[in-house]
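Below, each value reflects all heavy atoms present in this structure, side chains not excepted, and no hydrogens, waters or symmetry copies.
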Amino acid sequence: MALRLNSARLLAFPGLIKFLPLRLLSPQTLRCRPARNLRFRLRGFYCGCGGGGGSMEAPIVVKERIDLKEKEEKIFRRLLDVVRDFKLETQLRVAGGWVRDKLLGKDCYDIDIALDNMLGREFCEKVNEYLHSIGEEQQGIGVIQCNPDQSKHLETARMRIYDIWIDFVNLRSETYVENSRIPTMKFGTAKEDAYRRDLTINSLFYNINTDSVEDFTGRGVRDLKTGYIVTPLPPKDTFLDDPLRVLRAIRFGARFGFVLDEDLKKAASDEEVRAAIADKISRERIGHEVDLMFSGNQPIKAMTYICDLQLFYVVFTFPENPQPSVVEGCDRHCVSYMDAAWNLLQSTGYSILSDEQRRLYLYGALFLPVRNTIYEDRKSKKIPVASYIIRNSLKLKNSDAETVMSLHGALERFFSIISLLESDGDSKIVEVKLEDEFLDIPFDSRIRVLAGLLLRKIKTFWRVALLLSALLYPKVDHAGGPLTNDFETERSREIFVSIDRAISKSGLDNVWEMKPLLDGKAIMSVLQLKSGGPLIREWQERLIKWQLAHPEGTTDECLDWMKQSQAKRVKLDCCA
């Protein structure tokens, strides 16, 4: 059903129908190492390990070689120069995601180097010694300590090489004592390290010394080609080692459209694993993983996995005693709203929102079913549950929570605007919201004033709020009645396009940048005040409303209006 915009209201809506440049290798580096082509030579892989395969319609295209970018070649040459200069018997391997992405033909500069016989910080110190010996500037070294209580078992060292941050860590082997999930760490072989990783597709190594990809689990390349998400070791053991791996498996499955192994899914929803996610993983790590899902290409698939694996309330923890109580099935209700919001965004044009706007749009949509649910903190302050989840459960930025709350708060006012432009009937809602004895604004101009005030409040996120409003309208009443899952994407798209066009044609796109025609000194002069205060702020707000109602109004006209309004005020005060 098309959106019906009253022609009289449209006519009354003013304006509606009008990598850094590459640095050269140093001569010293070139002398220390003969020229060599650092390109990947694919060796034969043993792919006979047991386990199921994915049921993909077509094989994934996996490259037969890794093509290095110029900067990658420079970085790897520099690292090999360090090994040669100090006569280290160290094998340098790039681990995990970089190898996976390069085999899939994707660029990746998240380079993690695994060392077989020394700690990362020790190798970084050798790099700096080498830089000093050839007269180059030494680099700072950052060390991220291990934290077994949060399943962070390895110390990681970081430093910049040719302007790229590189992580260095030693290969590991783990042994567990009875009744403990915290392993004893020691240097291990590359094969031992590969089996301790989260997924087979992330267990591949690129050996810099030998220019070859190493598949020690025997199935990393195969699972990459067949599109299969599986752990090298039994999944429950892998997840209890580091429960965050559950979310990583979900994220990679959604990102690449790969199939999750059935045993993996069973382990992910295991009660002991779910308890480990809640108890062993910091909320910051969980929030970071969820944020990567929301910023990815398949956020709905990721949230559906979380819901299907009974992980929703583990990931999105709710406060105690929410009011009203969270109804059964709220998790699926939330995901269905996010799904509808995603479909609406796709239908209207993915590019209408920035990456940051899309991310917060999805958070706003996910929590729509609990937008009127609150809880009381220790100071008896009523806090929206959605704000609690974003701030405390996911540990995202406070500004993220504030933006989502602003989006939810803007819904009712957008409902009013949609209703006015769609209907011939009067709206007492607008009359009440703009009631002011000193404002003589024509009724139809009040639509522009209401829209302008709303946009000035939510600024660049107004299209995000409009999308959410179009998704809901008219599914809820103005009292915030119950939501349903009966979505009509085409109907919502028509509403969004119509209101978006109306706002743009009326010149309100950047209305939040509009300044009052009169400054505080001018207002004080008219009011005959010697100092500022709340009254100045009150008249500044009236000025904005007047300017929204009179977009062509001049400073003199505004001054005349204010003088007349002040005279009216004085007269009323005398009669009181």
key: Working for side-chain contact (heavy atoms from CB on, under 4.5 Å), residues Leu115 and Glu122   = CA-CA 10 Å; Leu115 309 164; Glu122 294 174 337; over 6 Å; no
message = Any side-chain to backbone donor/acceptor pair from Arg100 onto Leu224? Under 3.5 Å, distance only.
response = no
note = To the nearest 0.5 Å, atom CG of Asp279 lies from atom CD of Glu272 at 11.0 Å
query = Charged N to carboxylate O below 4.0 Å: is that the case for Glu73 and Arg77?
reply = yes
ask   = Tell me, which pairs form a ring-ring contact (aromatic ring centres under 6.0 Å, His included) where one or both residues lie in residues 268-311, sequence neighbours left out?
value = Phe294-Tyr363
Closest heavy-atom pair and its distance - Tyr375, Asn321 = CB-O, 4.3 Å
query = Is it true that Glu271 and Arg274 make a salt bridge, defined as a side-chain N closer than 4.0 Å to a carboxylate O?
reply = no
query = Any idea which heavy atoms bring Ala157 and Gly120 closest together, and the distance?
reply = CB-C, 3.5 Å
query = Is it true that Arg359 and Asp400 make a salt bridge, defined as a side-chain N closer than 4.0 Å to a carboxylate O?
reply = yes
query = Where is the tightest heavy-atom contact between Pro243 and Ile281, given as atom of each residue plus distance?
reply = CD-CD1, 3.6 Å
query = Do side-chain atoms of Asn202 reach the backbone of Arg197 as a donor and acceptor pair under 3.5 angstrom?
reply = no
Working for side-chain contact (heavy atoms from CB on, under 4.5 Å), residues Leu368 and Leu471 = CA-CA 10 Å; Leu368 278 175; Leu471 180 70; 4.1 Å; yes
task = May I ask you to check whether Tyr130 and Arg78 show a side-chain donor-acceptor distance below 3.5 Å?
result = no
ask   = Please walk me through it: do Phe123 and Val82 pass side-chain contact (heavy atoms from CB on, under 4.5 Å)?
value = CA-CA 9 Å; Phe123 188 81; Val82 174; 4.1 Å; yes
task = Examine distances only and state if a side-chain atom of Ser203 and a backbone atom of Ala194 form a donor-acceptor pair shorter than 3.5 Å.
result = no
task = Verify whether one side chain among Asn343 and Thr489 offers a donor that lies under 3.5 Å from an acceptor in the other.
result = no
Atom pair OG1 (Thr238) and CZ (Arg248), whose distance is rounded to the nearest 0.5 Å = 12.5 Å
request  = List the steps, then state whether ring pair (Phe, Tyr, Trp, His ring centres under 6.0 Å) holds for Trp342 with Tyr361.
outcome  = CA-CA 9 Å; Trp342 182 255; Tyr361 168 66; 8.6 Å; no
key: Heavy-atom closest pair, residues Met118 and Asn170   = O-CB, 3.5 Å
query = Would Ser212 and Asn207 count as having a side-chain donor-acceptor pair, cut-off 3.5 Å?
reply = no
ask   = Taking Trp98 for the side chain and Ile111 for the main chain, is one N or O donor matched with an acceptor at less than 3.5 Å?
value = no
query = Taking all atoms of both residues into account, what is the closest heavy-atom pair of Cys307 and Arg332, and its distance?
reply = SG-CG, 3.4 Å
note = Those residues at least two apart in sequence (or on a different chain) that pass salt bridge (charged side-chain N to carboxylate O under 4.0 Å, His left out) with Arg158 are Asp167
inquiry  = Determine whether a donor-acceptor pair (N or O, by modelled atom type, separation under 3.5 Å) exists between the side chain of Gln138 and the backbone of Asn128.
reply    = yes
query = Out of curiosity, Phe318 CZ to Cys330 SG, how far, rounded to the nearest 0.5 Å?
reply = 4.5 Å
Nearest atoms (heavy-atom pairs only) where Ala268 meets Leu309 = CB-CD1, 4.0 Å
request  = Check whether any side-chain heavy atom of Thr90 lies under 4.5 Å from a side-chain heavy atom of Asp116, and answer yes or no.
outcome  = yes
query = To the nearest 0.5 Å, what is the distance between CD1 (Ile60) and CG (Asp223)?
reply = 11.5 Å
key: Glu289 and its salt bridge (Lys or Arg N to Asp or Glu O under 4.0 Å) partner, picked from Arg255, Arg251, Lys395, Arg283   = Arg251
inquiry  = Whether the side chain of Asn510 engages the backbone of Glu513 through a donor-acceptor N/O pair (distance < 3.5 Å, no angle test) should be reported.
reply    = no
ask   = Hey, is the main chain of Leu345 close enough, under 3.5 Å, to the side chain of Thr348 for a donor-acceptor pair?
value = yes
ask   = With distance as the sole test, does Ser269 use its side chain to make a donor-acceptor pair with the main-chain N or O of Lys266 at under 3.5 Å?
value = yes
query = Between Ile208 and Val83, is a side-chain contact (heavy atoms from CB on, under 4.5 Å) present by the stated rule, with each step listed?
reply = CA-CA 11 Å; Ile208 298 175; Val83 170; over 6 Å; no
task = Could you tell me whether a side-chain N or O of Lys102 sits under 3.5 Å from a main-chain N or O of Asp67, the two making a donor and an acceptor?
result = yes
task = For Tyr313 and Asp331, indicate whether the former's side chain and the latter's backbone hold a donor-acceptor pair under 3.5 Å.
result = yes
inquiry  = Could you check whether Asp215 pairs with Arg219 (Lys NZ or Arg NE/NH1/NH2 to Asp/Glu carboxylate O, under 4.0 Å)?
reply    = no
ask   = Measuring from Arg196:CZ to Leu233:CG, what's the distance to the nearest 0.5 Å?
value = 5.5 Å
inquiry  = Before we go on, tell me: are the rings of Tyr195 and Phe216 under 6.0 Å apart, centre to centre?
reply    = no
